Amino acid sequence: MKAEKQFERLVIAAYRLPFRFVRSKSGVKTLQNSGGLVSAILALSESFKHKNSGSNDHKILWAGIIDNLPENYTDAESQNEHFDMVPVKISPKLNSLFYEGFCNNLIWPLFHYFSSYSVFNNSYFRAYEDVNSIFCEELVRHLKPGDFIWIHDYQLLLLPAMIREKMPDVTIGFFLHIPFPSYEVFRLLPRNWRESIVLGLLGADLVGFHTHDYTQHFIKSVKRTTGYECRQNIIVTPDRAVKADAFPIGIDYDKFHNASGNKSVVAAKQKYQKCLPGQKLIFSLDRLDYSKGLLSRLKGYETFLEKYPEWRLKVVFNMVVVPSRDSIENYKEMKKEIESTVGRINGKYSTLSWRPVIYQYKSLSFNDLVALYDLSDVGLITPLRDGMNLVAKEYIACQKDNKGVLILSEMAGAASELSEAIIINPADHVEIADAIYTALEMKTDEKQVRVSRMQNRIADYNVFTWAFDFFNQTYEIKKQQDLMGVKFINETITAQMVADYKKANRRILFLDYDGTVVPFAKYPELATIDDKTLNIIKGLTDDPKNHIVIISGRGKDFLEKQFKKSAVTLIAEHGYFIKKAGREWESTFHTDDQWKEAVMPIMTDYVNRCNGTFIEEKAASIAWHYRNADSDFAQLRLHELRDDLAEIIRHKTDFEILEGNKVLEVKSSKYNKGLSAATLITDEYYGFILAAGDDNTDEFLFQALPDFVYSIRIGLSPSFARYNLPDTSQLLQLLEALVK
Ligand code: GDG
């Protein structure tokens, strides 16, 4: 896969820098790390270089946090041929509250479903906000308009929105390496923290996760936290469309697959083989972490030795645990418990010549790791939760003669791709024991089929494909944002509008009510107009050249109450009623109420079947409001209700089902906002016409008016309107500008 378009420069923001400091006699040196992410980023940047040989700026800007910058460090050390490094300096104390506190004592356990380990502490959250903001300040100083900024992981959840605020047009991608939990877990966060996190992430153009499930959890959290509309994976925020999607991270497949032929790997294999005369090897490698299911794995192995005694003496379990966070109390205790469990199993089953568990608390060299992957008969990867788990993929990549069997937890993101592994529930000791037995007894043919299928998949979607895919999807959503035809009103358009307004001798302004001049409230009766808005409207109506029309789906009594002192024309119930300033309500339409008898029981049924919904009965229509219901559930019920109602009005050709903003309405099709507006503008000549509305019912209005009209859709949705404005406050500002 190739990256489709070149942004001018790739910028990475991550907690860690791609360098480490090495102290030697001659001073401090920086050494570049060589992990999968660093290689993928380098490949992505290389591909930009090939696309544009004229450009000479291919270096990647990489910003990361540092709390112990060596004293004699100079800026020259912060670059090499590939990277310009931006160290974001914070104090060790702040880093501790931020990283150990908010990141690892709250987000890490909570997002891995260990809510009982989560520590909710206000000073952690403040430190988290501070660090994200310091990061933003430092990074923005180095950014240029054409940059593509790719932000990584749970330490920087607030950063996308912070950057967006300072650079509205820049391209931002965000990738989360850990799971995004279900909303039921996410909502354990205090309300303002979860809002900050969701809105923080929505500052990006593309938000990526390892799996479809995590993506859906995020979308649900967005809907529940913000109420924004989501169309499949596209979230419609007030100023942009943001995409959320799954990008299962891969590995550098060839590096692992081809390594087992290296001399030093062959030597390492021989060394290990000598220690395992005629025995099968089970292998696992993890960082020390409660999410990795280390204890449960040991208990599963113990159950295996108990249940299948014929395998004793013939198998060894090499469990490598890589030191991590062992200064934290939880981790210290877990380490002790692991060691005592290993001691218990070895004490119970060892003989003079055989130890069932070889436990190592250390890290391995790359060569030793590949040798062990290659040699082992079973890879036992059983995390209780894991964003992806790269060890599972590396294990499969290293199976040269396809003889290993992977046992994999269903709680690892990797399980969605590696379905040919033996998939187990990591908390079920008996299932782990049985899986070990099945793996050891598996016929070579079956092992080969399983491994080669998994190899094909991970060779194909490797870490490079992953990075290019993410990049291309970011580019796609940028294109889609353009295609959605959102044309925000800028200063030039405003100036032109003001000039046309001034020129005209007669003007008419059609203003929808809810979501246009007044923001939505929890219940319709609470969405009342405030004095400031009434003053702006007064400013407009005071000018004798103006005819101001409030055109709404609302009932007439409500509108009359809101505008009792205003000299406006009111159009209620989508055009069923009209009231000119100082006159009485009129209607040229007539409907009998019989149809309501058929529709009302059905809608009532749906109110009972979907908590939080309610019915609004008007003179000539009935509406089902679902703003306060769970949005996913309401969508489901909405489809069903629409079908049921369609059946009822099937023979009534003059009736229609209208979908507004979180409301479904049944009414006669003889009138709509467009027809009412069209009638008004034929009564008189208007040199300036403006029409503003926020939902599908206003599309009738936009369609019915001539091309030169300043038609404005509030929100980001595609529309027949010529322009968009993000929200009501912007429209009020525009109206104020006309008054002035
Ligand atoms: C997060 C998510 C997600 C480990 N010890 C040694 C060693 N390693 C290498 C492995 C592998 C990597 O580190 C660990 O990969 P994980 O997937 O377990 O990742 P985490 O560090 O927990 O990080 C995780 C990942 O991000 C990527 O998005 O998969 O779910 O938690 O590459 O080989 N390598 C060597 N010696 C070691 O001792 N040589």
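Excluded from the calculations below are hydrogen atoms, water molecules and symmetry mates; all remaining heavy atoms, backbone and side chain alike, are included. On a predicted model such as this, the values are computed, not experimentally measured, just so you know.
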Flag for N472-E476: side-chain donor and acceptor within less than 3.5 Å: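 Result is no, nothing qualifies.
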Side-chain donor-acceptor contact under 3.5 Å, T211 with D213: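 Side chains of T211 and D213: no pair found under 3.5 Å.
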Stepwise salt bridge (charged side-chain N to carboxylate O under 4.0 Å, His left out) check, D707 with R722: CA-CA 9 Å; D707 286 349; R722 281 168 73 194; over 6 Å; no
Chi angles and distances behind the salt bridge (charged side-chain N to carboxylate O under 4.0 Å, His left out) call for K580, E586: CA-CA 9 Å; K580 298 215 170 126; E586 290 168 24; over 6 Å; no
Test: R609 cationic atom under 6.0 Å from Y606 six-membered ring centre, within 45° of axis: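 Positive - R609 is close enough to the ring of Y606 and near enough to its axis.
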Cationic tip of R627 above F520 ring, under 6.0 Å, 45° of axis: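 Checked: cation-pi criterion met.
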Find out whether [X] and [Y] are in side-chain contact, i.e. whether some heavy atom of one side chain is under 4.5 Å from a heavy atom of the other.
X    : Y    : result
T516 : I712 : no
W624 : R637 : yes
L638 : L641 : no
Q562 : I550 : no
D644 : I648 : no
T569 : I548 : no
F186 : H217 : no
I234 : V242 : no

Backbone N/O of A415 and side chain of S419: donor-acceptor pair under 3.5 Å: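 Flag not set: sc S419 to bb A415 has no pair under 3.5 Å.
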With the threshold set at 4.0 Å, does a side-chain nitrogen-carboxylate oxygen contact exist between [X] and [Y]?
X    : Y    : answer
K673 : E699 : no
D695 : K662 : no
D630 : K220 : yes
E656 : K667 : yes

Got a sec, which residues hit ring pair (Phe, Tyr, Trp, His ring centres under 6.0 Å) with [X], two or more places apart in sequence or on another chain?
X    : value
Y228 : none
Y576 : Y671
F577 : none
F114 : Y117, Y290

Provide the closest heavy-atom pair for [X] versus [Y] in the form atom of the first, atom of the second, distance.
X    : Y    : answer
L540 : N546 : O-ND2, 2.9 Å
T226 : V198 : CG2-CG1, 3.9 Å
F688 : A504 : CB-CB, 3.6 Å

F111/Y154 under ring pair (Phe, Tyr, Trp, His ring centres under 6.0 Å): CA gap, chis, key distance, verdict: CA-CA 9 Å; F111 280 33; Y154 64 103; 7.9 Å; no
Tell me every residue that passes side chain to side chain donor-acceptor pair (under 3.5 Å) with [X], counting only those two or more places apart in sequence or in another chain.
X    : answer
E659 : R642
E410 : none
D245 : N233
K538 : D542

Audit row: L664, L658, side chain to side chain contact (heavy atoms under 4.5 Å, CB included) steps and yes/no: CA-CA 6 Å; L664 182 139; L658 206 61; over 6 Å; no
Name the atoms and distances for all side-chain donor-acceptor pairs under 3.5 Å in residues 728-736, with sequence neighbours left out.
| residue | atom | partner | partner atom | Å |
| --- | --- | --- | --- | --- |
| S729 | OG | D727 | OD1 | 2.7 |

Residue pairs, two or more places apart or on separate chains, that pass salt bridge (charged side-chain N to carboxylate O under 4.0 Å, His left out) and touch residues 547-565: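 Non-adjacent pairs meeting salt bridge (charged side-chain N to carboxylate O under 4.0 Å, His left out): D514-R554.
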Residue pair I615, M600: steps toward the side chain to side chain contact (heavy atoms under 4.5 Å, CB included) verdict: CA-CA 9 Å; I615 292 172; M600 192 57 108; 4.0 Å; yes
N724 vs R713, side-chain hydrogen bond (donor to acceptor under 3.5 Å, both in side chains): CA-CA, chis, key distance, verdict: CA-CA 5 Å; N724 289 72; R713 171 106 182 203; over 6 Å; no
Of all pairs that satisfy side-chain hydrogen bond (donor to acceptor under 3.5 Å, both in side chains), the ones with a partner from residues 679-692, not counting sequence neighbours: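 Every side-chain hydrogen bond (donor to acceptor under 3.5 Å, both in side chains) pair that includes a residue of residues 679-692, provided the two are not neighbours, is R506-E684, H547-Y686, E684-Y686.
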Stepwise side-chain hydrogen bond (donor to acceptor under 3.5 Å, both in side chains) test for T225 and E195: CA-CA 6 Å; T225 314; E195 271 171 18; over 6 Å; no
Ring pair (Phe, Tyr, Trp, His ring centres under 6.0 Å) assessment of F209 paired with F218: CA-CA 9 Å; F209 302 90; F218 172 67; 5.2 Å; yes
Counterpart residues, side chain to side chain contact (heavy atoms under 4.5 Å, CB included), relative to A495 (two or more places apart):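 A495 satisfies side chain to side chain contact (heavy atoms under 4.5 Å, CB included) with no residue once adjacent residues are dropped.
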Test log, rule side chain to side chain contact (heavy atoms under 4.5 Å, CB included), inputs V666 and S621: CA-CA 6 Å; V666 181; S621 68; over 6 Å; no
Aromatic ring proximity Y513/F558, centre distance under 6.0 Å: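 Yes.
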Criterion ring pair (Phe, Tyr, Trp, His ring centres under 6.0 Å) on H210 and F175, from CA distance to verdict: CA-CA 8 Å; H210 285 306; F175 188 80; 5.0 Å; yes
